Chemist: 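Can you read through this structure? Questions will come right after.
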Amino acid sequence: MSDKKASNQMWGGRFASGPAAIMEAINASIGFDKKLHAQDIRGSIAHSQMLAETGIITEQDQEKIAHGLNTILKEIEDGKFEFSSRLEDIHMNVEARLAELIGPAAGRLHTARSRNDQVAVDFRLWVKDEFHRVAVALKGLIEVFLVRAEEHAATVMPGFTHMQTAQPVTFGHHCMAYVEMFSRDLSRVRDAIERMDESPLGAAALAGTGFPIDRFRTAKALGFREPTRNSLDSVSDRDFALEFLSIASICATHLSRLAEEIVIWSTPQFGFVRLSDSFSTGSSIMPQKKNPDAAELVRAKTGRVNGHLIGLLTVMKGLPLAYSKDMQEDKEAVFDAAETLDLMLAAMTGMMGDMTINDAAMKKAAGSGYSTATDLADWLVRTLGLPFREAHHVTGRAVALAESKKVGLEKLALEDLQSIHSGITADIFSVLSVQNSVKSRTSFGGTAPAEVRRQIRYWKKRIAKA
Ligand code: ARG
């Protein structure tokens, strides 16, 4: 008797002994792919039904298989299933248990199928479900933004470029910028679902099969639009996972920008927003502090999601067709990115929904930094017919004068302004207030409250159907 381990009961026919411990450790994916158990069982039931319908296996065997698989599903859900890394992955763990439960009929399940198409279909089913979860979360976040935008369609705040005060905008307008961003994320999710909605099951190892299977039947049973069209591509394609990760990365990047703004807005220096107690933390040493930890973590977790995208792109690059075991590395990246993104979306939705907006602080800041200088220049163009370049120059002198007097533009005396350009009349003061500035920006997509409300109406309708 040797002390060699028995060879693998699924594929060990030609092996005299089992794998070295380290081989088992590097090879096994059960530690993470057990997450695919429901999809694996669903896929196997659909496959067995099709095998019976096409006469490849008997109805009796199919019934035993389906019954056994449902028992296994229950065992796993009840935490009673014993996963074994000797059996490598979820597919073989389930199949081995099926053999224990129903005997030889279990061996017929894998007819006209390989783990290569099995894992491809399981993983697609999982990613498709996750895409739907992300879509629901994105809609929830967008709806919160729409509510806040409506409340603050006319709340003036400074708009920034280079993080320097640029022109007044409204907080509602700022919120609607995020509605645009997250709506694009949502539309990317919808596009990706459409593109990945094909079943690879039946591609078998890589070349298809000689058995008279019906791939349209299994595709339909599993909720896919149709089967994939090329068996080689079916088992070597992970675009759906890459698309998930790239969409997640773009969305996380959007969330990180929002997170950064919340961090800035909630500083005592800005004081634009106040986070609720449920979405901030205290300091163990400085009693006055209220920290935006959730926002900071959303900002940070973006790195993790983006890292998974680069990770999987790097796994896939240079892989020859068709399946290679490298592809087993696809799952942890996607699982972790999905879990992280779900958390980020939920945290941001909560934070945006219940933070308090300090209208007065926003308005005060909006009026500083000569934010209505462009309005002054526009007035000179409109009223006095100056070319814009000249108006820009005249306005620059007005800003310099106001700066030397340490006052805002609207606090300059008419005579002072006339000393810069004689044509200026008292009418100019109507455009120097922040309120009038935003009100005047009525161009399509502009910051005027009326225009912001039009944007809100548009998105409310669209999101309801999205
Ligand atoms: N656990 C494997 C994976 O996730 C399943 C496919 C294995 N196929 C094979 N021919 N070894 O990729």
Side-chain angles (χ1 to χ4, degrees), residues 133-160 169-186 248 251-284 286-302 305 339-366 447 449 452-453 455-457 459-460 462-464 466:
R133 279 192 287 277
V134 171
V136 170
L138 276 169
K139 276 180 81 167
L141 178 59
I142 291 168
E143 270 152 19
V144 166
F145 268 109
L146 286 170
V147 169
R148 306 256 59 184
E150 200 152 46
E151 288 165 8
H152 293 282
T155 303
V156 183
M157 72 180 280
F160 300 91
V169 295
T170 72
F171 184 63
H173 194 213
H174 203 105
C175 287
M176 292 309 291
Y178 281 101
V179 167
E180 297 285 336
M181 290 150 87
F182 294 123
S183 299
R184 285 195 295 274
D185 292 334
L186 182 57
C251 178
T253 300
H254 290 155
L255 290 167
S256 80
R257 299 180 73 171
L258 173 62
E260 170 69 359
E261 299 209 290
I262 291 176
V263 169
I264 296 173
W265 292 342
S266 61
T267 56
Q269 288 76 7
F270 267 76
F272 285 5
V273 303
R274 193 175 162 76
L275 297 176
S276 71
D277 286 353
S278 28
F279 280 99
S280 48
T281 54
S283 154
S284 54
M286 297 164 283
Q288 85 283 12
K289 292 199 77 181
K290 200 164 189 200
N291 293 330
D293 295 36
E296 294 169 278
L297 286 164
V298 166
R299 191 172 60 182
K301 283 178 191 294
T302 304
V305 176
E339 199 177 306
T340 307
L341 185 66
D342 293 349
L343 194 59
M344 290 166 77
L345 284 165
M348 275 310 187
T349 306
M351 233 181 303
M352 273 313 296
D354 67 1
M355 71 188 184
T356 317
I357 310 303
N358 187 343
D359 301 42
M362 283 187 176
K363 189 171 174 205
K364 186 153 176 259
T447 201
V452 171
R453 290 196 182 97
Q455 295 172 29
I456 296 171
R457 282 195 300 277
W459 277 115
K460 267 190 174 168
R462 246 187 96 166
I463 289 304

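All values derive from a computational prediction rather than experimental measurement. Side chains included, hydrogens not; waters and symmetry mates left out as well; all remaining heavy atoms used.
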Chemist: Under a 4.0 Å threshold between the charged nitrogen and the carboxylate oxygen, would R148 count as salt-bridged to E151?
Modeler: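 The answer is yes: the pair qualifies as a salt bridge.
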
Chemist: About how many Å separate CD1 of I357 and OG1 of T155, when rounded to the nearest 0.5 Å?
Modeler: 8.0 Å

Chemist: So do W459 and I142 actually touch side chain to side chain, heavy atoms under 4.5 Å?
Modeler: no

Chemist: Which label fits H174 and F171: parallel for a plane angle under 30°, tilted from 30 to 60°, or perpendicular past 60°?
Modeler: parallel

Chemist: Can you check whether V452 reaches H152 side chain to side chain, under 4.5 Å on heavy atoms?
Modeler: no

Chemist: If you draw a 6.0 Å radius around CZ in R453, do more than 12 non-hydrogen atoms from other residues or ligands fall strictly inside?
Modeler: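 Correct, the count exceeds 12.
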
Chemist: So which of F160, F272, Y178, F270 actually passes side-chain contact (heavy atoms from CB on, under 4.5 Å) with E261?
Modeler: Y178

Chemist: Kindly assign one of parallel, tilted or perpendicular to the pair F182 and H254, based on the angle between their ring planes and the thresholds 30° and 60°.
Modeler: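 Rings of F182 and H254: perpendicular, as their planes differ by over 60°.
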
Chemist: Is it true that atom CZ of R257 has more than 12 heavy atoms of other residues, nucleotides or ligands lying nearer than 6.0 Å?
Modeler: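 Atom CZ in R257 is not crowded, with 12 or fewer foreign heavy atoms closer than 6.0 Å.
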
Chemist: Evaluate the side-chain proximity of V298 to L258: yes if any heavy-atom separation is below 4.5 Å, no if none is.
Modeler: no

Chemist: Heavy-atom count check: over 12 atoms from other residues, nucleotides or ligands less than 6.0 Å from K139 NZ?
Modeler: yes

Chemist: So, taking the atom named SG in C175 and the one named CD1 in I456, what distance separates them when rounded to the nearest 0.5 Å?
Modeler: 8.5 Å

Chemist: For K363, does the NZ atom have more than 12 heavy-atom neighbours from other residues, nucleotides or ligands under 6.0 Å away?
Modeler: no

